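Note that the structure is predicted; figures quoted are calculated from it, not measured. As the structure lists them, so they are numbered: ligands from 1, and atoms in each ligand from 1.
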Amino acid sequence: MGYQTLYDRSMQDPSAFWAEAAGLIDWDRPWDQVLDDSNPPFYRWFKGGRLNTCYNAVDRHVKAGRGDQPAIIHDSPVTDSKTVITYAELQDQVARFAGVLKSLGVEKGDRVIIYMPMVPEALVAMLGCARIGAIHSVVFGGFSAHELATRIDDAKPRVMVAGSCGIETNRIVHYKPLLDSAIDQAAHKPEHCVILQRPQELGVLIEGRDLSWSEAMADAEPADCVPVEATDPLYILYTSGTTGQPKGVVRDNGGHAVALAWSMRHIYNVEPGEVFWAASDVGWVVGHSYIVYAPLLAGCTTIVYEGKPVGTPDAGAFWRVIQEHQVSVLFTAPTAFRAIKREDPRAEHLKRYDLGRFRSLFLAGERCDPDTLEWAQRTLGVPVIDHWWQTETGWAIAANCLGIEPLPVKPGSPTRAVPGYDVRVLDDEGEPVNPGDIGRILIKLPMPPGCLQTLWGNDARFVQSYLSTQPGYYLTGDAGYMDEDGYIFVMSRIDDIINVAGHRLSTGGMEAALASHPDVAECAVIGAADQLKGELPVGLVVLKSGVERDKKMLIKELVDLVRDQIGPVAAFKMVAIVDRLPKTRSGKILRGTMKAIADGKNYNLPATIDDPAILDEIQKALEAIGYAKH
Ligand code: COA
Ligand code: AMP
């Protein structure tokens, strides 16, 4: 069946479409209703159905004879180690870890926060939660103790699971002290912490509260899978919102399993037994969906890569992993390819490797510039697929679905809406715009299975953030256009979210950190274009009157403050001290205009600007730190 036929079927009869897809999953009890639309704008999939996500990702494959197949390959150039875990071994580890959690009093519905580097134990911990119906919340290791504390207070976990340390290319990340500091800062105190002691740096355990992973696992009583409601939460994943307060995206069990299993076949065109590699981090949605759940639900082998595209040790690292582990499909962010291209523009490293089984490359997480897409196509000689999605949806909204029917590629576009998603481009009044005209991108409700159910403990914020702009539609937060052929072009965000190396960050959060400095009167953070990372944050800071400080020292304090409050992943390094910020007459800071200046782009003078002369001052201040060049 071709793309258009399948897409039309998904629109005409979503219940029939997704009921058929649900055949990819093993159910303990079938659902009473495929789509429960009795309480709009809240929609629930597979109501009344019961299943266990861990059973579907692990145990059923062992039962079906895949016990000896590698489930996880951990490839870690930063520790110079490689480990293979078969499905049978994974089942044993996950059952024992679920037993550890149970022995610590964790029950169905309890939360467990996981703060770990890219090690197989992170997956074991996630699946262990799913096995007993506990709700995990993985926090990316590049976030600071302060960000972790915010998540602890929101999710109120009974137990934390952490690594003693992480290893970045050139430094040890001290996870255990970060964890201790986060718990100190948080009002909620988890009862226990399970610490994976890594030999590179052992953590100091706090008696009575902390346990060593290996000791706990040695004594553990294996726990079996507990069937849960399809609509029960599987996990919470915090993502940047428009304020400093992150949003806890809640994902269910049933719809999630169905959507991901369907996507492996229809979008990524992968068969059980093949090796699938998402070079991301378990702390991001790409990691949740395509390092952990989707490849395992589909019976594939997943790669857990603890390294970078460059520098571990060189720009041939990705080609080595593909060759060595016979990867069929790679998924990463365009930034990774920009980094490789910058170091090895002629792809000399590739000559050392045979990518025999490699079939396709998928890119997402940020806008994919046509140069990078074309370089990857030329270099690899396989289809390169840009696809668009977000933490909230959990899987692709628009993609070239290789498992259905490859469509012609238009560089700059993630192709067309994936079956299940009714994507519309509307103007500020909610009217459809003409093909080619830019507007807000929305998705008509109901969204397909797998998308967020709500924000943790905050239905009102869920409705207010996503569903209130245009009743009956989900606001993606992205702006762009659709062409005559239905190809979607995602151009920018309509809020203060920026994408730094494919990592989603809120400039509002960084502004809150800067504003907490005693010398700062007001500030703005903009995402300035960057050749490698797509965007980089730049701070513009107005000092309180009378503050006479050494500028260098002050800037260092501000940079350290953001690193401390948000984390190194923000890559916040550039600050311009200015006398005033440009504003509208009603006092709104003109961030968009400053971004255009920083990027050296032409801009229209905003009609409501209070004092246009300020823009010249901003231009000079940005020039002084290397921006605003035409
Ligand atoms: N734990 C702790 N710190 C982390 C971290 C983690 N898991 N991940 C990144 N960091 C730190 C880095 O060490 C760096 O710190 P530094 O300022 O002390 O050097 C900072 O956060 C920024 O990290 P990163 O954005 O990774 O930049 P980099 O310069 O180390 O590497 C690239 C540049 C292009 C190689 C890297 O950004 C990359 O691989 N990007 C691919 C994007 C990706 O996978 N995105 C996921 C979404 S799909
Ligand atoms: P995240 O929630 O971290 O996955 O980030 C989601 C956001 O990243 C989206 O809302 C977009 O702004 C951006 N994004 C992701 N993929 C793409 C893509 N293929 N093209 C353009 N923007 C993208």
Is Arg171 atom CZ crowded by more than 12 heavy atoms from other residues, nucleotides or ligands, each under 6.0 Å away? yes
Counting only pairs under 3.5 Å, give me each side-chain donor-acceptor contact of residues 436-457, with atom names and distances, residues two or more places apart or in other chains.
{"unit_1": "Gln453", "atom_1": "NE2", "unit_2": "Thr231", "atom_2": "O", "d": "3.2"}
{"unit_1": "Thr454", "atom_1": "OG1", "unit_2": "Asp459", "atom_2": "OD1", "d": "2.6"}
{"unit_1": "Trp456", "atom_1": "NE1", "unit_2": "Asp154", "atom_2": "O", "d": "3.4"}

Below 3.5 Å, N or O to N or O, backbone or side chain included: is there any such pair between Ala571 and ligand 1? no
Might you work through the salt bridge (charged side-chain N to carboxylate O under 4.0 Å, His left out) test for Glu366 and Arg338, ending with a clear yes or no? CA-CA 12 Å; Glu366 58 184 318; Arg338 284 197 295 270; 2.8 Å; yes
Among all protein heavy atoms, pick out the one at the shortest distance from atom 8 (N) of ligand 1; state its residue, atom name and that distance to 0.1 Å. Phe140 CZ, 3.4 Å
For ligand 1, which atoms sit closer than 4.0 Å to a heavy atom of Val569? 21 (O)
Taking only Lys NZ, Arg NE, NH1 and NH2, and the carboxylate oxygens of Asp or Glu, determine whether Arg367 and Asp386 approach each other closer than 4.0 Å. no
If we number the atoms of ligand 1 from 1 as shown, the ones under 4.0 Å from a heavy atom of Gly502 are 47 (C)
Note: Ala279, heavy atoms under 4.0 Å from ligand 1, region reported as backbone
for atom 2 (C) of ligand 1, nearest protein heavy atom and its distance come out as Gly141 O, 3.3 Å
Examine the proximity of ligand 1 to Pro568 and report which part, side chain or backbone, both or neither, has a heavy atom under 4.0 Å away. both
Is the closest heavy-atom distance from Phe331 to ligand 1 below 4.0 Å? no
Note: heavy atom closest to atom 28 (P) of ligand 1, options Arg171, Glu168, Arg563, Lys533, belongs to Lys533
Mark up the atoms of ligand 1 that fall under 4.0 Å of a heavy atom belonging to Gly142, in ascending order. 1 (N), 2 (C), 3 (N), 4 (C), 5 (C), 6 (C), 7 (N)
Any atoms of ligand 1 less than 4.0 Å from a non-hydrogen atom of Val173? List them with their elements. 2 (C)
Supply the atom-to-atom distance Asp478 CG to Phe489 CZ, rounded to the nearest 0.5 angstrom. 14.5 Å
So, Asp184 and Ser181: side-chain donor and acceptor under 3.5 Å apart, yes or no? no
Is the Tyr293-His288 ring centre distance short of 6.0 angstrom? no
Identify, by atom number and element, the atoms of ligand 1 in contact range of Val286, meaning under 4.0 Å from any of its heavy atoms. 48 (S)
Within-cutoff protein neighbour (heavy atom, under 4.0 Å) for atom 47 (C) of ligand 1: yes
In terms of its nearest heavy atom to atom 45 (N) of ligand 1, the top option of Gly311, Gly283, Ala501, Ser280 is Ala501
Can Gly365 be said to touch ligand 1, with heavy atoms closer than 4.0 Å? no
Can Glu366 be said to touch ligand 1, with heavy atoms closer than 4.0 Å? no
Can you name the residues that come within less than 4.0 Å of ligand 2, going by heavy atoms only? Val285, Gly365, Glu366, Arg367, Asp386, His387, Trp388, Trp389, Gln390, Thr391, Asp478, Val490, Arg493, Asn499, Arg504
Note: Glu306, heavy atoms under 4.0 Å from ligand 1, region reported as neither
Could you check whether any side-chain N or O of Thr312 sits under 3.5 Å from a backbone N or O of Lys308, counting only pairs where one atom can act as donor and the other as acceptor? yes
Counting the benzene-type ring for Trp, do Tyr235 and His256 have ring centres under 6.0 Å apart? yes
Aromatic ring proximity, centroids under 6.0 angstrom, Tyr421 and Trp395: yes
Which one of Tyr268, Phe362, Trp284 satisfies the ring pair (Phe, Tyr, Trp, His ring centres under 6.0 Å) criterion with Tyr290? Tyr268
Applying salt bridge (Lys or Arg N to Asp or Glu O under 4.0 Å), can you list everything that pairs with Arg320, at least two apart in sequence or on another chain? Asp75, Glu324
Considering the heavy atoms of Lys308, write down every atom of ligand 1 situated less than 4.0 Å from one of them. 9 (C), 26 (O), 30 (O)
Note: heavy atom closest to atom 39 (O) of ligand 1, options Pro117, Pro309, Ala336, belongs to Pro309
Could Arg151 and Phe143 be counted as a cation-pi pair, given that NZ or CZ must be under 6.0 Å from the ring centre and within 45° of the axis? yes
Does the protein put a heavy atom less than 4.0 Å from atom 37 (O) of ligand 1? yes
If we number the atoms of ligand 1 from 1 as shown, the ones under 4.0 Å from a heavy atom of Thr335 are 34 (C), 40 (N)
Say whether Thr332, considering both its backbone and side-chain N or O atoms, lies within less than 3.5 Å of an N or O atom on ligand 1. no
For salt bridge (charged side-chain N to carboxylate O under 4.0 Å, His left out), just list the numbers for Arg416 and Asp485, CA-CA rounded to whole Å, side-chain angles, deciding distance to a tenth of an Å, and then say yes or no. CA-CA 8 Å; Arg416 297 179 60 181; Asp485 302 322; over 6 Å; no
Residue list, salt bridge (Lys or Arg N to Asp or Glu O under 4.0 Å) with Asp560, at least two apart or on another chain: Lys556
Ring-plane angle category for Trp262 and His266, please: parallel below 30°, perpendicular beyond 60°, tilted otherwise. parallel
Which atoms of ligand 1 are found less than 4.0 Å from any heavy atom of Lys573? 17 (O)
As a test of the contact definition, would atom 32 (C) of ligand 1 count as having a protein heavy-atom neighbour under 4.0 Å? no
Output yes when Glu535 and Arg493 qualify as a salt bridge under the 4.0 Å nitrogen-oxygen rule, no when they do not. no
Heavy atoms only, cut-off 4.0 Å: how does Tyr175 contact ligand 1, side chain, backbone, both, or neither? side chain
Using modelled atom types only, decide if a donor and an acceptor are shared between the side chain of Asn400 and the backbone of Ile385 within a distance under 3.5 Å. no
